[in-house]
Amino acid sequence: MSENVAAPVIKATVREVPERVSLDGLENKFDARWRQEGTYAFDRSKTREQVYSIDTPPPTASGSLHVGHVFSYTHTDVLARYKRMRGAEVFYPMGWDDNGLPTERRVQNYYGVKVDLTLPYDPDFVPPQVPDGKVVKPADQVPVSRRNFIELCERLTAEDEKQFEELWRYLGLSVDWAQTYQTIDANSRSVAQRAFLRNLARGEAYQAEAPGLWDVTFQTAVAQAELEARDYPGHFHKVAFRAADDSPIFIETTRPELIPAVVALIAHPDDERYQPLFGTTVRSPLFGVEVPVLAHAAAEPEKGAGIAMCCTFGDLTDVQWWRELDLPTRSIIQRDGRLSREVPQWLNGDGAAFYAESLAGKTTFSARKEIVDALRASGDLDGEPTPTQRKTNFFEKGDKPLEIVTSRQWYIRNGGRPFTRRPVASTGSTSDLKDELLARGRELAFYPDFMRVRYENWAGGLNGDWLISRQRFFGVAIPLWYPVLASGEVDYANPIVPDEAALPVDPTSQAPADYAEGQRGVPGGFVGEADVMDTWATSSLTPLIVSGWERDADLFARIYPMDLRPQGQDIIRTWLFSTVVRSHLENDCLPWAGAAISGWILDPDRKKMSKSKGNVVTPMGLLEQHGSDAVRYWAASARLGTDAAFDEGQMKIGRRLATKVLNAAKFVLDINVGRLERPLAGSPEAKADVVGSKATEQIGTQDSPTIALDPALVTEPLDRSMLAGLADVVDAATKALEAYDHTRALEVSEAFFWTFCDDYLELVKERAYSSTPAAASARTALAIALDVMLRLLAPVLPFATEEVWGWWRDGSIHRAPWPTSDLLREAAGGVAPAGLTAAGHALAALRKLKSVAKVTMKTPILHATLAIPAPAIPAVAAAMADIRAAGKVEGPLMLIDAPESFDPTVQGGITVPEHELGEPPAKTPRA
RNA sequence: GAGCGAUUGGCGCAGCUGGUAGCGCGCUUCCCUGACACGGAAGAGGUCGCUGGUUCGAGUCCAGUAUCGCUCACCA
């Protein structure tokens, strides 16, 4: 700082300052200008060290953006603008997550179509016209090929995406709109398929035929990350199994409809009640199936009767027992959630007849009723079912409890099961994958830091690998085919893999190399994998998608690994974790250095805002009503990781601040170009000046419209003191933003700005108006402060600050350098910030006199005595002329030492002219 | 059941490495002062959830406890 060569003095030319300032219309005005001038365009000639790259969350395209989006995206934008002003070349893309179930459902309803995998692609397909709001019943939906369906998805989401972009532009996100992607576009599909194939080649992706959680509504397997435990009412049924001697063994179950699928009864090995039964068999009620009584440590003696019925499969504990005790498989629940239509082979006699007659093809709900009735009739039900409330796993988007069915699925290793990777070059590591991923979590910077525990909880608690295959249509296809053997059987164990150069591929409509389409589904031919990947399997690759992985090596080297992932706290276990997994497996590094986690928006009742509650405000309406700067101010007032209330009051404060910025700037600039210049009060010319603004303006035109931001011109102690305070603010704001604490930065900047307006501006006003030598000091200090304060506020208030910048500076403020304290400290010349504080207190004391006397502030004070703590006396004395002018003190103003008090107070009172006091206001009692 | 946050004037929040509380809104009173009435001035209002402990001294550190929120686990 000390050795710096004096920077050239900035000379600004004031072009035009509007007569009336306004925030209205700034959003569209500057969106157009920024677009035209490419203000936020990414310069890809910059090196990795110069680049700050952001892995922007792609919002779900099929739906609408809500206040929560505005909130969290503003956080990112504030940071992006800060980094840009700090000189970084910011890579700030925007994606649209149009891949997956939400889009699929929306397209299905919007166009009234459904996918039929057997149909060929029809290039001339025209979707049916569905009137707005009409819902086409599934039976009436037009079947289309998957490729046609995907085209419709792309068409519809393109419209949504246009609207989203409009909103983001209006909000002022400094995104480079040339850097956009969709999670279903060809590049994303290529990246997703390529990454999958590489996982496959390295043994990190595998398929397995296994029992897993299944949603019967969407008829797809779901992953652990998509589960949601919800309260679900049920009943305990006390049911008798029979031992060899016909004595009853009571179990308790909430799912009696699974009795036909029972494979064992299980109790804890130490449970003395059941120890005699271990190794024996018992008969199931109604069906008379003999099942063993077994011991397993996972059985809990306190739960229910202490002995559990193990069925294939009622829950994940059943799966565990089935696996560890090597039990047979007796599945009766089908993929549609109904009991199988054929009588299971292990049933016979009366049991088989009962099944055929009363249970086959029933939903679990009706089957349960049938079985309970039958148990009651047979005397195997002890007492009546007792209601209970339990937690059950649901698919987060579903509304029926998940069932467990056995199916062939694809998995990617994520540490949920023990796995050791091949030693990797960089570390030579052969540690367990879970440990490696936990280490990655420790390596990643979380803002705020406590969000890390969510990662650790999740990664540490995984109990299975990541299931990525979905039995859906709109998604990235799993890029595989399987040979069909001569027998007609499909050889899943030996998938046919496409060449990476051919990606993306759709195995349901394209034949693998060396095969002809005519060989599809015939012996000696092939079948295509029908499943798609889950949407997270694509979005876990966003850093690779945006950075041109395997497509644009030059770009990749400048962007990846990235600097920041901003995202919501709710998807740490999904998006954040899965991205770390993919990056770790593919690139052996973290995908980004840090993750900024935004909180929720709560409505005033402290409930999470949600559509279903009908309390969602449309963001565009909000922006139009309050102005984007105001809404951004509200968002920026909440710290990362903290939930915030939806608070329009805060937006009004933001608007007030933005308006104040315009007005204060207008004043500073006007006064600098002499537009407001006027003779000192009391001089003969003063009387002539009351004519009005026209005359004043004419005076102003005498001066040059050029302002020199020259620290050497700041000579008065009060002015220097103000700049010293601002220097501290710059340092504090910079430090806060470096720590991703945008709230703190805003707070200190804003507080200073108000002090600047309320105290400093008022104190120096008279001097700055005048043509005295000290006026130049005030004017220059005002201009220097304005220049710095505008830049401090620019990340939060991009529109108001850009407006003001345009009045007197060239280029965009958003490409201007972030302020440093050097120049300010130079101008302050060692004067302490406390001087302004003391003078401000002195002024406040004078104001208080008038306020207490209930007179207007322009009332002259005839004499006053200020008691000031001794250390502050020199500063106040130095600013005496300003204090007298601002306080309109016309008579003597005495300063005396008041060691007891830290604030200046008035002693002895003041005198204001009698006539100014007027009649004391009549005190009428209030109702 | 485990973990993580939060608990400060009516409301929304700050209080960094401990020294007897700050801001904004709202409220009261006053002022249309030539940057701004989308403004300005001055006020009233809190023993910082509770209980202990460390310390000369604790919203600030430690232990426990309560309430709220979230995350994970919990389907017999």
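Here is how names work: the chains are called A, B, and so on, in the same order as the sequence lines, proteins then strands, and each is numbered from 1.
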It should be established whether [X] places a side-chain nitrogen or oxygen under 4.0 Å from OP1 or OP2 of nucleotide [N].
X: A:Arg230; N: B:C74; value: no
X: A:Tyr769; N: B:A35; value: yes
X: A:Lys652; N: B:C38; value: no
X: A:Gln224; N: B:A73; value: yes
X: A:Ser851; N: B:C30; value: no
X: A:Lys660; N: B:G40; value: yes
X: A:Arg573; N: B:U71; value: no

With rounding to the closest Å, how many angstrom separate the [atom1] atoms on [N] and [M]?
N: B:U60; M: B:G18; atom1: C1'; value: 6 Å
N: B:C25; M: B:G40; atom1: P; value: 9 Å
N: B:C50; M: B:G9; atom1: P; value: 10 Å
N: B:G64; M: B:C72; atom1: C1'; value: 24 Å
N: B:G15; M: B:G5; atom1: P; value: 15 Å
N: B:G12; M: B:U55; atom1: C1'; value: 34 Å
N: B:A14; M: B:U8; atom1: P; value: 11 Å

Any-strand Watson-Crick or G-U partner of [N], both distances under 3.5 Å:
N: B:C61; result: B:G53
N: B:A35; result: none
N: B:G24; result: B:C11
N: B:A2; result: B:U71
N: B:C48; result: none
N: B:U17; result: none
N: B:A41; result: B:U29

Can you measure [X] atom [atom1] to [N] atom [atom2] for me and round it to whole angstrom units?
X: A:Ile597; N: B:U71; atom1: CD1; atom2: P; answer: 14 Å
X: A:Leu265; N: B:A76; atom1: CG; atom2: C1'; answer: 10 Å
X: A:Asn663; N: B:G39; atom1: CG; atom2: P; answer: 9 Å

query: In residues 736-748 of chain A, which residues come under 4.0 Å of RNA chain B by heavy atom?
result: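 Correct list: A:Glu747.
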
**Message:** Contact list please: residues 755-762 of chain A against RNA chain B, heavy atoms, distance less than 4.0 Å, in numerical order.
**Reply:**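 Residues of residues 755-762 of chain A under 4.0 Å from RNA chain B: A:Cys757, A:Asp758, A:Leu761, A:Glu762.
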
Non-neighbouring partners of [X] that pass side chain to side chain donor-acceptor pair (under 3.5 Å), sequence neighbours left out:
X: A:Glu648; answer: A:His626
X: A:Glu403; answer: A:Arg255
X: A:Thr254; answer: A:Arg390

query = Taking the nucleotide of RNA chain B with the closest heavy atom to each, which residue, A:Leu23 or A:Ile251, is nearer the 5' end?
reply =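 The residue closer to the strand's 5' end, by nearest nucleotide, is A:Leu23.
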
Pick the closest RNA chain B nucleotide for A:Lys765 and for A:Leu402 by heavy atoms, then say which residue is nearer the 5' end.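 Result: A:Lys765.
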
Starting the side chain at C-beta, find the nucleotide from [options] nearest to [X].
X: A:Val852; options: B:A73, B:A76, B:A42; result: B:A42
X: A:Thr254; options: B:U33, B:G12, B:A76; result: B:A76
X: A:Lys854; options: B:A41, B:U29, B:C36; result: B:U29
X: A:Ala645; options: B:A76, B:G12, B:A35; result: B:G12

Using a cut-off of 4.0 Å on non-hydrogen atoms, how would the nucleic acid contact of [X] be classed: base, sugar-phosphate, or nothing?
X: A:Arg452; result: nothing
X: A:Ser637; result: nothing
X: A:Ala638; result: nothing

Can you list the residues that meet the ring pair (Phe, Tyr, Trp, His ring centres under 6.0 Å) rule with A:Tyr740, with sequence neighbours excluded?
->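 A:Tyr740: ring pair (Phe, Tyr, Trp, His ring centres under 6.0 Å) contacts with A:Tyr447.
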
Any A:Ile259 side-chain heavy atom under 4.5 Å of A:Pro285 side chain: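 Touching, per the 4.5 Å side-chain cut-off.
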
### Message
A:Asp787: which residues meet the salt bridge (charged side-chain N to carboxylate O under 4.0 Å, His left out) condition with it, sequence neighbours left out?
### Response
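For A:Asp787 the salt bridge (charged side-chain N to carboxylate O under 4.0 Å, His left out) partners, ignoring immediate neighbours, are A:Arg791, A:Arg809.
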
How would you list, by chain and number, every residue that makes a salt bridge (charged side-chain N to carboxylate O under 4.0 Å, His left out) with A:Asp24, sequence neighbours excluded?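 If we apply the salt bridge (charged side-chain N to carboxylate O under 4.0 Å, His left out) test to A:Asp24, skipping adjacent residues, the hits are A:Arg655.
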
Worksheet entry | Euclidean distance, A:Phe450 CZ relative to A:Ile597 CD1, rounded to 0.5 Å |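 One finds 9.5 Å between CD1 of A:Ile597 and CZ of A:Phe450.
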
Notebook entry, point to check: Out of curiosity, A:Leu797 CG to A:Asp629 CG, how far, rounded to the nearest 0.5 Å?
Noted result: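 Between A:Leu797 CG and A:Asp629 CG, I get 4.5 Å after rounding to 0.5 Å.
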
Counting only pairs under 3.5 Å, give me each side-chain donor-acceptor contact of residues 299-309 of chain A, with atom names and distances, residues two or more places apart or in other chains.
none

Under 6.0 Å between ring centres, would you say that holds for A:His268 and A:His296?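 No, the ring centres sit 6.0 Å or more apart.
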
* Considering residues at least two apart in sequence or located in another chain, which fulfil the side chain to side chain contact (heavy atoms under 4.5 Å, CB included) criterion with A:Ala459? ->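 For A:Ala459 the side chain to side chain contact (heavy atoms under 4.5 Å, CB included) partners, ignoring immediate neighbours, are A:Leu438, A:Tyr455, A:Phe577.
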
Checklist entry - Is the shortest distance from a Lys or Arg side-chain nitrogen in A:Arg744 or A:Glu747 to a carboxylate oxygen in the other one below 4.0 Å? => result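 Salt bridge: yes.
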
Counting primed atoms, P, OP1 and OP2 as sugar-phosphate and everything else as base, the B/S/- map of nucleotides 4-11 of chain B against protein heavy atoms under 4.0 Å is S-------

Original post:
When you look at A:Lys660 and A:Trp754, which way does the side-chain contact (heavy atoms from CB on, under 4.5 Å) test go after all the steps?
Top reply: CA-CA 9 Å; A:Lys660 192 79 173 178; A:Trp754 284 108; 3.5 Å; yes

Going by atom type alone, with no hydrogens or angles, which donor-acceptor pairs under 3.5 Å involve a side-chain atom of residues 228-238 of chain A and a protein atom two or more places apart or on another chain?
from: A:Glu228; atom 1: OE2; to: A:Arg230; atom 2: NE; distance (Å): 3.0
from: A:Glu228; atom 1: OE2; to: A:Arg230; atom 2: NH2; distance (Å): 3.4
from: A:Arg230; atom 1: NH1; to: A:Gly398; atom 2: O; distance (Å): 3.0
from: A:Arg230; atom 1: NH2; to: A:Phe395; atom 2: O; distance (Å): 3.3
from: A:Arg230; atom 1: NH2; to: A:Glu396; atom 2: O; distance (Å): 3.3
from: A:Arg230; atom 1: NH2; to: A:Gly398; atom 2: O; distance (Å): 3.0
from: A:His237; atom 1: ND1; to: A:His235; atom 2: O; distance (Å): 3.1
from: A:His237; atom 1: ND1; to: A:Thr253; atom 2: O; distance (Å): 3.1

